[in-house]
Amino acid sequence: MNGPGFGMMNGPGFGMMMGPGTMMGHEDFDANGDGRVTFEEMEQGMEDLQAEFDVDDNGTLSIEEFETLYSEMMRDHMVDMFQELDEDGDGEVTLDEMHEPARMYERMRRYWSDDGRPGRMMDDSPMMDDD
């Protein structure tokens, strides 16, 4: 399912639709609601997207039409990221709130040792050393 080529879930052309960093979820293509997406459901879902965003009805998507499709699919992900950064929920992201991911990264970096094993700080002081 994740190989090169068609790749159903993560291959070229479908990676933006389904898979890590999902913009469009599995349920969006699961026409009969059985929890599985068949080849036919995937094809129909893609045809539906093509028809919806092909504003000049020429059977293809121009870069402008594809940009609209892509932007719409990314919007939910963007809103989620914004809300995650907006810790106080005031509808604005401050510089301090923008810095939080960097602070979290630094805490994680310090927790993991140079060899990638958990349990030691970067300076090799033990945390939960299992040696």
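Count residues from 1 along the sequence.
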Contact check, side chains of Tyr70 and Leu61, non-hydrogen atoms, under 4.5 Å: no
Pairwise salt bridge (Lys or Arg N to Asp or Glu O under 4.0 Å) hits with a residue in residues 55-64, at least two apart: none
ILVMFWY cluster, Leu69 and Met46 together (side-chain gap under 4.5 Å): yes
Inter-residue atom distance Glu47.CD - Glu40.CD, 0.5 Å rounding: 11.0 Å
Minimum heavy-atom distance Asp54-Thr60, with the two atoms named: OD1-O, 2.9 Å
Path from Met98 to Phe82 over hydrophobic side-chain contacts below 4.5 Å: yes
side-chain hydrogen bond (donor to acceptor under 3.5 Å, both in side chains) contacts in which one or both residues fall within residues 98-107, not counting sequence neighbours: Asp96-Arg103, Glu100-Arg103, Glu100-Arg107, Glu106-Arg109
Nearest-0.5 Å distance that lies between atom CE in Met42 and atom CG in Asp30: 10.5 Å
Cluster companions of Met78 among Ile, Leu, Val, Met, Phe, Trp, Tyr (side-chain spacing under 4.5 Å): Val79
side-chain hydrogen bond (donor to acceptor under 3.5 Å, both in side chains) involving Asp88 - partner list, sequence neighbours excluded: none
Neighbour count >12 (heavy atoms, 6.0 Å) for atom CD, Gln50: yes
Same apolar cluster: Met74 and Phe66, side chain cutoff 4.5 Å: yes
Beyond-backbone contact of Thr68 with Glu65, side-chain heavy atoms, under 4.5 angstrom: no
Any donor-acceptor N/O pair, Asp86 side chain to Asp90 backbone, under 3.5 Å: yes
Student check: side-chain heavy atoms of Ser62 and Val55 closer than 4.5 Å: no
Residues which pass side-chain hydrogen bond (donor to acceptor under 3.5 Å, both in side chains) with Glu87, listed by chain and number, not counting sequence neighbours: none
Gap separating the CG atom of Asp76 from the CG atom of Asp80, nearest 0.5 angstrom: 6.5 Å
By side-chain hydrogen bond (donor to acceptor under 3.5 Å, both in side chains) - contacts of Asp48 (at least two apart): Gln44
